[in-house]
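The next block holds one structure in the form of structure tokens; read it before the comments.
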Amino acid sequence: MSLSRNRRIEDSMVQRAALYIRVSSEEQAMHGLSLLAQKETLMKYAQDNGLYVAGIYADEGVTARKKYSNRAGFMRMLHDVKAGKIDVILFIKLDRWFRNIADYYEVQKVLDEHHVSWIATEEQYDTTTANGRLHLNIKLSIAQDESDRTSERIKFVFDSKVKRGEVVSGKVPLGYRIVDKRPIIDPETGPIAQDIFNKYVAIRSISGLRRYIIDTYGMVYCFSGLKALLRNQRYTGHAHGQDNFYPPLIDPQLFATVQTILTQRAQRNMHIPSENVYLFTSLAFCAECGNRLSAHIVEGKYIYYRCTRHEKYHNCEHGRQTKEETLEDWLLHNLLTQFDQYNTSLATRPADTPVKQVDEAKIRRKMEKLKDLYLNDLIERETYERDFTALRDELHSTAEPPKPRPKPVDLQTVSDALSVYSELSLPLKREFWTRIIGKIVITNDNDFFVYPILP
């Protein structure tokens, strides 16, 4: 294991950044905005500013006009804020964050309670002054108005397309293709879609159907994607409130049978209690893509952790599956050594740079005087903005003291806990790991890098 690699990550964990990225379906249709482009921009900002990326939270196809509680990625991030796992939130622009003033202040209250700040990497905001807060309110109002106007324009365009029988995007279900802006049955993939519906009725298993599609056609579907395919009413011709918008590909009776089976199996599975306890879910991460590793059971008894981005989407090189028993045994024999190395790295870190002391009241007086000069047309706007920004940055550099250095791990406490580990039940074993470990990074070579939970 590389101690220098450990040290780099541990140093950056002092400032834990959450990257929030969002693209609505409307914006995807009009501008082709990319989650990947936002992610790359924020990753570079975090790297340039020495921030540790604690998590990436994405909402795809979700408009900022809706209540933030409807954004799964956003709510997961807010949960981590409340759990004390985040120090600062990064997003590229304010409209990625909110386009609703009421929601903004509701969430801002939560952030303030947990001392979490935010940065719009491609815009500048100052919320420490009345003028800054006014500017922010104006920007939010403009963003909300633009969002509403854009929604109205897009709805008008889409409604016009539907009336003409044209598809509203370039994406159609498996079995169809677009000719002259209208959907038609694809003679090559249409029989595949029909076979999928017939096969599901025969085997009545999404997992079995997924394996069948991979083996027969070499096509990879995740569980939710395959379930969505089977529930897609376009196969019966129904779309956009019209019964014959698509040429029917699946017989309505067959489609109804599939829906009945899906509903019955979903209801049956709701009553099957889950007795499995996975020791390291939410703790194990892929070293290649940063995704959380998911647990699954093999042969009814062996638990393995794998990267779903590799298994389902084939966009990660992490093909290794790590046996839970192997990881548990390794931790029991190496955890104290790992934490001892962590303590050593803390002891050898350079001391924090002391905060430069300046006269805050004097800076604020200068800012007010500068504003008076601008309002009385005695200086140009460009001069005002340049000097005001410099004063604001000087003020912010002294506004907050440096965060306290992480405390070393109490090795004796960990050792005492490990001595009784074998006597714990499975739920208590899982609780044990979640109380002392913040993150386990697993490489494709099955190397483990362990970091303690921060206080």
Side-chain angles (χ1 to χ4, degrees), residues 23-36 60-62 154-266 308-316 319:
V23 173
S24 73
S25 55
E26 295 170 355
E27 290 160 335
Q28 288 170 337
M30 289 189 63
H31 308 297
L33 294 179
S34 166
L35 292 177
L36 179 60
E60 183 173 7
V62 179
I154 292 174
K155 185 177 184 299
F156 176 78
V157 172
F158 283 2
D159 287 346
S160 297
K161 284 179 171 288
V162 169
K163 289 178 181 178
R164 295 193 300 268
E166 299 176 0
V167 295
V168 297
S169 72
K171 186 177 181 181
V172 292
L174 175 71
Y176 293 96
R177 60 190 178 96
I178 300 173
V179 175
D180 296 331
K181 299 182 181 181
R182 288 173 170 77
I184 67 169
I185 295 176
D186 184 353
E188 294 184 2
T189 60
I192 297 177
Q194 291 172 329
D195 185 38
I196 288 175
F197 275 83
N198 287 314
K199 192 66 177 179
Y200 180 70
V201 172
I203 64 177
R204 300 182 175 231
S205 167
I206 295 289
S207 299
L209 181 61
R210 181 175 179 270
R211 288 193 297 269
Y212 171 78
I213 296 173
I214 292 174
D215 295 340
T216 307
Y217 302 110
M219 302 169 66
V220 179
Y221 280 91
C222 64
F223 183 91
S224 58
L226 193 52
K227 193 172 182 180
L229 183 151
L230 293 171
R231 288 198 179 278
N232 195 334
Q233 291 187 339
R234 286 171 170 80
Y235 286 112
T236 65
H238 185 83
H240 308 297
Q242 298 182 19
D243 289 334
N244 296 305
F245 189 87
Y246 276 72
L249 184 58
I250 303 299
D251 180 79
Q253 185 59 48
L254 173 60
F255 187 84
T257 301
V258 167
Q259 306 317 302
T260 300
I261 297 172
L262 287 170
T263 301
Q264 289 175 345
R265 291 189 62 83
T308 53
R309 288 182 181 172
H310 171 83
E311 293 288 333
K312 295 183 178 180
Y313 308 112
H314 300 279
N315 59 2
C316 176

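Throughout, residue positions are numbered sequentially from 1 according to the sequence presented. No experiment lies behind these values; they were computed from the predicted model shown.
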**Item:** Derivation and outcome, side chain to side chain contact (heavy atoms under 4.5 Å, CB included), residues Leu249 and Phe197
**Value:** CA-CA 10 Å; Leu249 184 58; Phe197 275 83; over 6 Å; no

**Asked** For the side chain of Asn232 and the backbone of Arg234, is there at least one donor-acceptor N/O pair under 3.5 Å apart?
**Response** yes

**Message:** Please check this pair: side chain of Tyr176 against backbone of Pro247, looking for a donor-acceptor N/O pair closer than 3.5 Å.
**Reply:**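 At least one qualifying donor-acceptor pair exists.
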
**Message:** What verdict does the side chain to side chain contact (heavy atoms under 4.5 Å, CB included) test give for Leu209 and Leu230, after you've listed the backbone C-alpha separation in whole Å, the side-chain angles of each residue and the deciding distance to 0.1 Å?
**Reply:** CA-CA 11 Å; Leu209 181 61; Leu230 293 171; 4.0 Å; yes

**Prompt:** Who passes side chain to side chain donor-acceptor pair (under 3.5 Å) against Thr236, sequence neighbours left out?
**Reply:** none

**Prompt:** For Gln259, which residues count as a side chain to side chain donor-acceptor pair (under 3.5 Å) partner, sequence neighbours excluded?
**Reply:**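 Once residues adjacent in sequence are excluded, the partners of Gln259 under the side chain to side chain donor-acceptor pair (under 3.5 Å) criterion are Arg231.
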
**Item:** side chain to side chain contact (heavy atoms under 4.5 Å, CB included) partners of Glu188, counting only residues at least two apart
**Value:**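 For Glu188 the side chain to side chain contact (heavy atoms under 4.5 Å, CB included) partners, ignoring immediate neighbours, are Asp186.
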
**Request:** Check side chain to side chain contact (heavy atoms under 4.5 Å, CB included) between Asn198 and all other residues, then give those that pass, not counting sequence neighbours.
**Result:**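 Only Leu254 meet the side chain to side chain contact (heavy atoms under 4.5 Å, CB included) criterion with Asn198.
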
Between [atom1] on residue [X] and [atom2] on residue [Y], distance to nearest 0.5 Å:
| X | Y | atom1 | atom2 | result |
| --- | --- | --- | --- | --- |
| Leu174 | Ile192 | CG | CD1 | 6.0 Å |
| Ile185 | Arg177 | CD1 | CZ | 11.0 Å |
| Ile206 | Tyr200 | CD1 | OH | 4.5 Å |

**Selection residues 247-257 - residue pairs positive for side-chain hydrogen bond (donor to acceptor under 3.5 Å, both in side chains), sequence neighbours left out** = none

**Request:** Answer whether the closest heavy-atom distance between the side chains of Ile250 and Val258 falls below 4.5 Å.
**Result:** no

Solution key, residues 215-227 side-chain donor-acceptor pairs under 3.5 Å, sequence neighbours excluded:
residue, atom, partner, partner atom, Å
Thr216, OG1, Tyr212, O, 2.8
Tyr217, OH, Asp195, OD2, 2.6

**Prompt:** What's the shortest heavy-atom distance between Ala239 and Phe245, and which atoms?
**Reply:**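 Smallest interatomic distance, heavy atoms only, reads O-CB, 3.7 Å.
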
**Request:** Looking only at non-hydrogen atoms, find the nearest pair between Ala193 and Gly175 and report the distance.
**Result:**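 Heavy-atom minimum between the residues: CB-CA, 4.4 Å.
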
**Item:** Pair Phe255-Gln233, side chain to side chain contact (heavy atoms under 4.5 Å, CB included): steps then yes or no
**Value:** CA-CA 8 Å; Phe255 187 84; Gln233 291 187 339; 4.1 Å; yes

